[in-house]
Amino acid sequence: MMQDTLRPDPHAEIREEVRKLCSRFPGEYWRKLDQERGYPTEFVTALTEGGYLGALIPEEYGGAGLPLSAAAAILETVQAEGCNGAACHAQMYIMGTILRHGTDAQKKTYLPKIATGELRLQAFGVTEPTSGTDTTSLRTFARKEGDKYIVNGQKVWTSRAEHSDLMLLLARTTPRDQTTKRTEGLSTFIVDMRKALGNGLTIRPIRTMMNHNSTEIFFDNMEVPAENLVGVEGRGFRYILDGMNAERLLIAAECIGDAKWFLRKATDYARDRVVFGRPIGQNQGIQFPLARAYAQMRAAELMVQAGCDKFEAGETPGEEANMAKMLAAEASWAAGEACIQTHGGFGFAEEYDIERKFRETRLYQVAPISTNLILSYVAEHVLGLPRSY
Ligand SMILES: Cc1cc2nc3c(=O)[nH]c(=O)nc-3n(C[C@H](O)[C@H](O)[C@H](O)COP(=O)(O)OP(=O)(O)OC[C@H]3O[C@@H](n4cnc5c(N)ncnc54)[C@H](O)[C@@H]3O)c2cc1C
């Protein structure tokens, strides 16, 4: 039978507790939200109250102070139990920018409240319609005026903005043609969306193929107090990059969880479903895609663990985090595909939850970074090939 992990698991207890929590949110709960494109408020509250979303916040700021591998185990288990962490996963990692680069006052003001859930910081405003993956060409501009910044521009795909109190915003503060490097002149801000909404900030939901609470956001002379600048003006792109390895490893862990859910569901069904007088799982045509997806999932899981090991040792796991994200997203897709095929017609019935998970897991080959850009990273930074773009 499929074990939780191949390597000895230091977070078995956490997994068990998260599993218990998730059992209170069965398929019907997610199906209803999916139909309504609703937000899983009760689920997010339960995870917050359990202390899971504050896992990475140090104890001195009221969090659990757990290592990245524990956060990965939490999110993986959420997905493996058929739930969807996309509604709140960013609460775990966006705060890392404040933790690493914020002032003492910012850390004391925000982190304890993020840990208790009193404040939700789960909106991350980076992508823009015209810049796409080419982040440094973003156009949203924050102009300093006395003790505040005036922000104008637009973001797209800002997930959970309607369900977040704060947003971490990346905006240009020096025009690109006045910087020596295109990565300079971008800054990060903490935006209090409760105050800004209706005062220069407009949020419009985007309906997508899965329930992801994504939005587009418009800034029209939105004011942000200068004290909400994170770190040094002009260095924001660096700060965002600093957080990306953790984000990629956590998203990869979610994909591993999805793959485990698909594989359990498919193998249970393949053992039970009898056609032509024998279980369909006896046919190699059914077995092999599942066995292949399982092998892909385990390989990706080891890469997630290698990335977490390096991160926890204070090193930079750029290579591992990128490869883990790509391999895990491909493994969950392979497992989802095999799961649908194993179920035949029933794979398409909403009440089996497979088609929902299939739609949900597809995202991770595109966001938060698409597979092509990961391959470009590996080609350039690991294999030493010339930059292609
Ligand atoms: C549901 C959803 C939620 C999201 N949530 C957030 C969020 O909360 N915050 C946020 O800031 N962003 C968010 N995103 C944005 C996401 O990070 C981007 O969609 C993703 O990075 C790809 O950017 P793009 O859509 O602009 O595609 P583009 O940059 O337009 O790229 C389109 C395609 O071209 C390929 N491509 C582009 N350039 C190259 C190249 N040089 N070489 C090879 N291939 C290339 C890409 O890989 C991609 O396949 C979300 C997106 C979605 C769909």
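If you read the sequence from its start, that first residue is 1, and numbering goes on from there. In this text, all values refer to a predicted model and were calculated from it rather than measured experimentally. Order of appearance sets the numbers: ligands from 1, and atoms from 1 within every ligand.
Between Pro205 and Asn213 the shortest side-chain heavy-atom distance does not fall below 4.5 Å. Using a 4.5 Å heavy-atom threshold, the side chains of Ile354 and Lys265 count as touching. Contact annotation: the side chain of Phe141 never approaches that of Asn152 to less than 4.5 Å [non-hydrogen atoms, C-beta and beyond].
Protein heavy atoms are found inside the 4.0 Å sphere centred on atom 4 (C) of ligand 1.
At under 3.5 Å, a nitrogen or oxygen of Pro368, whether backbone or side chain, sits near a nitrogen or oxygen of ligand 1. Every N/O-N/O distance between Ser131 and ligand 1 stays at or above 3.5 Å. Considering backbone and side-chain atoms together, Val126 places an N or O closer than 3.5 Å to an N or O of ligand 1. Taking only nitrogen or oxygen atoms, main chain and side chain alike, Gly125 does not reach within less than 3.5 Å of ligand 1.
Within 6.0 Å of the CZ atom in Arg292, the count of heavy atoms belonging to other residues, nucleotides or ligands does not exceed 12. Atom CZ of Arg139 has 12 or fewer heavy atoms from other residues, nucleotides or ligands within 6.0 Å.
Distance from atom 50 (C) of ligand 1 to its nearest protein heavy atom, with residue and atom name: Trp157 CB, 3.3 Å. Protein heavy atom nearest atom 38 (N) of ligand 1, with residue, atom name and distance: Leu373 CD2, 4.1 Å. At the shortest separation from atom 12 (N) of ligand 1 among protein heavy atoms lies Thr127 OG1, 2.7 Å. At the shortest separation from atom 28 (P) of ligand 1 among protein heavy atoms lies Thr133 OG1, 3.5 Å. Nearest protein neighbour of atom 35 (C) of ligand 1, counting heavy atoms only, is Asn372 ND2, 4.1 Å. Of the protein's non-hydrogen atoms, the one nearest atom 48 (C) of ligand 1 is Ser370 OG, 4.0 Å. Looking from atom 20 (C) of ligand 1 to the surrounding protein, the closest heavy atom is Val366 O, 3.6 Å. Of the protein's non-hydrogen atoms, the one nearest atom 41 (N) of ligand 1 is Tyr389 CB, 3.4 Å.
Aromatic ring centres of Trp333 and Tyr364: separated by at least 6.0 Å.
With a 4.0 Å cut-off on non-hydrogen atoms, Met210 touches ligand 1 through its side chain and not its backbone.
Heavy-atom proximity to Gly132, at under 4.0 Å, picks out these atoms of ligand 1: 26 (O), 29 (O). Taking every non-hydrogen atom of Ser214 and a distance limit under 4.0 Å, the qualifying atoms of ligand 1 come out as 3 (C).
Other residues sharing a hydrophobic cluster with Met222 under the 4.5 Å side-chain heavy-atom criterion for ILVMFWY residues are Tyr149, Val151, Met167, Leu169, Phe189, Val191, Met193, Leu197, Leu201, Ile203, Ile217, Phe219, Val224, Leu229.
Heavy atoms of Leu363 approach ligand 1 to within less than 4.0 angstrom.
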Stepwise salt bridge (Lys or Arg N to Asp or Glu O under 4.0 Å) check, Lys195 with Asp165:
CA-CA 9 Å; Lys195 289 189 186 147; Asp165 303 302; over 6 Å; no

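Taking CZ of Arg37 as the reference point, atom CZ of Arg207 lies at 4.5 Å (rounded to 0.5 Å).
Leu186 and Leu373 are not part of a single hydrophobic cluster, where members link through side-chain heavy atoms under 4.5 Å apart.
A ring-ring contact (aromatic ring centres under 6.0 Å, His included) with His343 is found for one member of Tyr269, Phe358, Phe348, Phe262 and no other, namely Tyr269.
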